[in-house]
There are 2 protein chains.
Amino acid sequence: MSKLLPLLSPSATHSNAPSAPLSAEDAVDLAAAFKALGDPVRLRLVSLIAAHEGGEACVCDLTGAFDLTGPTISHHLKVLRLAGLITGERRGTWIYYRVQTEVIGHLAEILAPTTTPLAPTCTPEESDLPA
Amino acid sequence: MSKLLPLLSPSATHSNAPSAPLSAEDAVDLAAAFKALGDPVRLRLVSLIAAHEGGEACVCDLTGAFDLTGPTISHHLKVLRLAGLITGERRGTWIYYRVQTEVIGHLAEILAPTTTPLAPTCTPEESDLPA
DNA sequence: GAGTGATTTCGATGACCGTCTATCCCTGCT
DNA sequence: AGCAGGGATAGACGGTCATCGAAATCACTC
């Protein structure tokens, strides 16, 4: 995954923004991720997984929230997985899904590069993603 | 526009996240916005407009960046406009488009509610979200 | 007010997407 | 080994979307 450029410059509202526009290739990459989020079911799936205890959920925890068949849920989970937004791990009978928070956080940064762009006093204590 | 709940709780990585999952209606709203961003052309359009001098651009500034016909660009601009992501204002012959930074910033917040959640040392020297 | 350039709207077409039913794979249990 | 259940895959169908060419709209100019 590349380090994409921000969509909006930190103060795009009132300046002649110098942030370079997205390259065509980066746009394809990014659009794939946003397209994966561009479905209410998938959005709720991500939300449900993130909100579930331990930050992970198995399919049986998710299907109940929708009026959809199992294969349809499975299809949406696959789309999210191929987009790199979630990961699935089999533990025994069940498959547990987990949100790739760094990827989604990355998308958020591209949309709005941290309303507080580069505050050096801020040390984001992250980087505990087991990949 | 409603004040939607965040997709990820601030520390969803390592906690049994208490943030409530999206409601079905909110998900429909949100998904529409992300779907609008789920196309490379539209993503680049937003980026180009944001990066253009003064934060606004007319169609004539945009068409050159693509190998697409005028109507196609116009179609994508319309999709973005209907999604509330940009606004168009006619000034004389040309129509100038501008990015709705608040809306996009809102999307970013929903994706990742400030990766550095509540750092008091970080003084976000802006907070002009009028919505 | 007719001409010209910029932009949108209108239909049409081909591709893609979401959903379903039916079937298959994997794991754990008897 | 056989069976049951969670979950994924395959194939199909209907709807939506991206793109185009052509026509219509808008605004400035002569």
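Per chain, numbering begins at 1; letters A, B, ... match sequence-line order.
Here the rule is side chain to side chain contact (heavy atoms under 4.5 Å, CB included) with L77(A), and of V46(A), L45(A), V41(A) only L45(A) fits it. Only one option out of L107(B), L111(B), L30(B), L37(B) pairs with L37(A) in a side chain to side chain contact (heavy atoms under 4.5 Å, CB included); it is L111(B).
Note on T93(A): only backbone sugar-phosphate atoms sit closer than 4.0 angstrom, heavy atoms only; bases stay farther off. In this structure, G92(A) reaches the sugar-phosphate backbone alone: every heavy-atom distance under 4.0 Å involves primed, P, OP1 or OP2 atoms, never a base. Residue-level contact check: F66(A) touches neither bases nor backbone, having no heavy atom under 4.0 Å from any strand. Across all strands, Y96(A) comes closer than 4.0 Å to no nucleic acid atom at all (heavy-atom distances).
Nucleotide dG6(D) holds its P atom 12 Å from the CG atom of D61(A), rounded to whole Å. Residue I73(B) contributes atom CD1, which lies 16 Å from atom C1' of dT9(C) at whole-angstrom precision. Rounded to an integer number of Å, the gap from CD of E89(A) to C1' of dA8(D) is 17 Å. With rounding to whole Å, I95(B) atom CD1 is found 7 Å from dT8(C) atom C1'. Computed from coordinates, the D67(B) CG to dT19(D) P distance equals 11 Å when rounded to whole Å. One atom, CZ of R91(B), and another, C1' of dG5(C), lie 19 Å apart when rounded to the nearest Å. Rounding to whole angstrom units, CG of residue L77(B) and C1' of dT9(C) are separated by 14 Å. Atom CG in L80(B) sits roughly 16 Å away from atom P in dT7(C) (whole-Å rounding).
In terms of phosphate contacts, Y97(A) brings a side-chain nitrogen or oxygen within less than 4.0 Å of OP1 or OP2 of dA8(D). Residue W94(B) has a polar side-chain atom (N or O) positioned under 4.0 Å from OP1 or OP2 of dT7(C). Taking only side-chain nitrogens and oxygens, T72(B) never comes nearer than 4.0 Å to OP1 or OP2 of dA18(D). Residue K78(B) places at least one side-chain N or O under 4.0 Å from the OP1 or OP2 atom of dT9(C).
Nearer to the 5' terminus of DNA chain D, by closest-nucleotide assignment, is the contact made by H75(A) (compared with the other of K35(B) and H75(A)). Comparing R42(A) and V59(B) by the nucleotide of DNA chain C whose heavy atom lies nearest to each, the residue mapping closer to the 5' end is V59(B).
Applying the disulfide bond (SG atoms under 2.5 Å apart) rule to pairs touching residues 48-102 of chain B yields C58(B)-C60(B), sequence neighbours excluded.
Checking dG21(D), dA22(C), dA18(D) against the side-chain heavy atoms of D39(B) singles out dA18(D) as nearest. Distances were taken from every side-chain heavy atom of H76(A) (C-beta onward) to each of dT19(C), dT7(C), dG6(D); the shortest belongs to dT19(C). Distances from the side chain of P71(A) to the nucleotides dT9(D), dT19(D), dC26(D) place dT9(D) closest. Minimum atom distance to the side chain of C58(B) is reached by dT7(C), of the listed dT9(D), dT7(C), dG7(D). Checking dA22(D), dA8(D), dT19(D) against every side-chain atom of L68(B), the shortest atom distance belongs to dT19(D).
Between the T63(B) side chain and the G70(B) main chain, no donor and acceptor come within less than 3.5 Å of each other. Remark: the backbone N or O of I95(A) is not paired with any side-chain donor or acceptor of R90(A) at under 3.5 angstrom. In this structure, R81(B) contributes its side chain and H76(B) its backbone to no donor-acceptor pair below 3.5 Å.
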